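Keep in mind that what you see is a predicted model, and the values were worked out from it rather than measured.
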Amino acid sequence: MTRRRAVVAGGAAVAAVGIGGAIVTTASASQESGKSGASGKSGKKQPGTPGEACYKLTSETTEGPYYIDADKIRRDVTEDKEGIPFALRIKVIDSESCKPLRRAAVDIWHCDALGIYSGYEAASQGGGGGGGTPPSGAPTDAPTGTPTGTPPSGGPGGGGGGKTDPTDENRYLRGTWLTDHDGFVEFKTVFPGWYRGRAVHIHTKVHVGGKMTDAGYEGGHTCHTGQFFFDETSVLASAEVAPYATNTTERTTLTEDTIYDQSGVTGGLLKLRYKKDRIARGVQASITVGVDPDDTQEGEDWVTSTSSASATPSAS
């Protein structure tokens with residue numbers, strides 16, 4: 001990937017979106033200030049962007065198998081899903097000039113507290129209250145012989161597998177909205193849960209050059225496909241709260257995840273704020289995403305390297 005620049009999320013990006021009183025911040029000072037960020041490169045301030053430092057382009061990742069085209073134009077994607085109130089504020093900038101991208105369409109989509117994706121409830125793994133009675137006895141239709149053909153691409157954690165067709169009409173925890181004059185877009189949702197093989201995450205895409213229609217966002221091209229990630233302290237705190245506490249699926253930690261590149265903010269690590277010992281009241285999240293508006297990044301061909309950190313293949 002071409003090493004260009006991306007802005008590290010600054011303190012000004014933590015404006016409230018329907019949630020107040022947050023006093024716990026879970027991002028390191030180096031990630032906020034750019035003095036010695038996770039990428040290991042010194043920040044360099046750009047003219048006209050006081051308090052912000054530019055690094056490389058924000059990491060691209062796979063879109064995963066559960067993406068649905070931008071047909072839900074809305075900022076509140078919660079519908080009737082239970083979970084910790086979650087306010088997500090994203091700033092999108094041109095990574096070359098560090099100027100905000102106006103009227104870029106930003107998609108987000110993620111699983112619910114129990115690991116289920118809307119549109120794919122039959123295919124999602126989930127983790128609430130187990131999964132029924134396990135089979136017993138020896139299998140009667142076990143395959144024999146040596147397997148042939150090319151193995152599927154990607155490794156544990158969902159690097160490959162390709163896109164699958166939706167299995168239902170539900171669209172909760174999905175939405176698309178345009179950035180404003182300053183490159184900001186805000187979403188109201190719930191704190192995501194987890195499922196086997198992946199750390200807690202939110203998917204995102206950034207589209208430019210298109211327009212809003214009655215059918216959704218059409219035209220243009222996708223210039224960024226990525227994922228946002230959550231620090232372990234916040235995830236562990238969420239796991240103590242209903243309905244997350246009923247998710248019995250073994251959780252993959254951030255350091256074990258095969259999609260997250262361990263580069264901090266440039267890899268999609270969110271800055272989170274919530275009231276100490278009161279995470280159930282709500283969380284504010286913010287991040288600045290640097291993109292190349294002239295590039296095309298659909299995320300369909302991106303493949304993760306195989307890692308021993310997660311032994312069970314899963315959706316991404």
Side-chain angles (χ1 to χ4, degrees), residues 59-74 77 79 81 105-128 130-132 135 141 143 147-176 187 189-190 192-207 215-218 221-229 247 249-252 257-260 268 296-307 310-316:
S59 301
E60 300 289 334
T61 70
T62 174
E63 74 171 23
Y66 300 148
Y67 175 63
I68 299 175
D69 290 340
D71 62 350
K72 287 293 184 183
I73 309 302
R74 58 187 182 178
V77 303
E79 294 193 14
K81 301 306 293 183
V106 179
D107 299 334
I108 66 163
W109 70 102
H110 62 87
C111 69
D112 67 8
L114 300 182
I116 303 298
Y117 279 89
S118 65
Y120 296 89
E121 291 185 346
S124 299
Q125 297 175 46
D141 57 350
T148 60
T150 303
S153 61
K163 183 172 173 56
T164 59
D165 293 330
T167 61
D168 58 72
E169 298 299 320
N170 294 317
R171 295 295 183 270
Y172 52 81
L173 308 183
R174 297 178 179 273
T176 303
F187 291 97
T189 182
V190 297
W194 60 90
Y195 50 93
R196 188 175 302 277
R198 288 302 318 279
V200 175
H201 64 282
I202 292 176
H203 291 267
T204 188
K205 280 181 180 282
V206 179
H207 313 273
Y217 186 81
E218 297 184 349
H221 66 280
T222 303
C223 66
H224 175 71
T225 299
Q227 296 181 25
F228 301 135
F229 297 92
N247 190 337
T249 300
E250 181 181 357
R251 189 176 61 81
T252 298
D257 194 78
T258 57
I259 304 296
Y260 176 57
T296 298
Q297 295 285 355
E298 295 290 349
E300 296 177 349
D301 300 325
W302 190 90
V303 177
T304 184
S305 59
T306 302
S307 168
S310 174
T312 305
S314 71
S316 57

State yes or no: are the ring centers of His201 and Tyr195 separated by less than 6.0 Å? yes
Quick check against the 3.5 Å criterion: does [X] have a side-chain atom that pairs as donor or acceptor with the backbone of [Y]?
X      : Y      : answer
Glu79  : Arg174 : no
Asp168 : Gly119 : yes
Arg171 : Val77  : no
Tyr120 : Thr164 : yes
Thr225 : Gln297 : yes

Any chance you could measure [X], atom [atom1], to [Y], atom [atom2], to the nearest 0.5 Å?
X      : Y      : atom1 : atom2 : value
Phe228 : His203 : CZ    : NE2   : 11.5 Å
Glu121 : Cys111 : CD    : SG    : 12.0 Å
His207 : Glu218 : NE2   : CD    : 12.0 Å
Leu114 : Asn247 : CG    : CG    : 5.5 Å
Phe187 : Thr204 : CZ    : OG1   : 7.0 Å
Arg251 : Asp257 : CZ    : CG    : 11.0 Å

Answer whether the closest heavy-atom distance between the side chains of [X] and [Y] falls below 4.5 Å.
X      : Y      : result
Asp107 : Tyr217 : no
Trp109 : Lys205 : yes
Ile68  : Tyr117 : no
Arg198 : Ile259 : yes

Give me the atom names and distance for the closest heavy-atom approach of Thr249 to Trp194. O-NE1, 3.0 Å
Of all heavy-atom pairs linking Thr167 and Ala122, the shortest is OG1-N, 3.6 Å
Run the side-chain contact (heavy atoms from CB on, under 4.5 Å) check on Val190 and His110 step by step: do they pass? CA-CA 9 Å; Val190 297; His110 62 87; 4.3 Å; yes
Would you sort out whether Thr189 and Lys81 count as a side-chain contact (heavy atoms from CB on, under 4.5 Å), showing the intermediate values? CA-CA 9 Å; Thr189 182; Lys81 301 306 293 183; over 6 Å; no
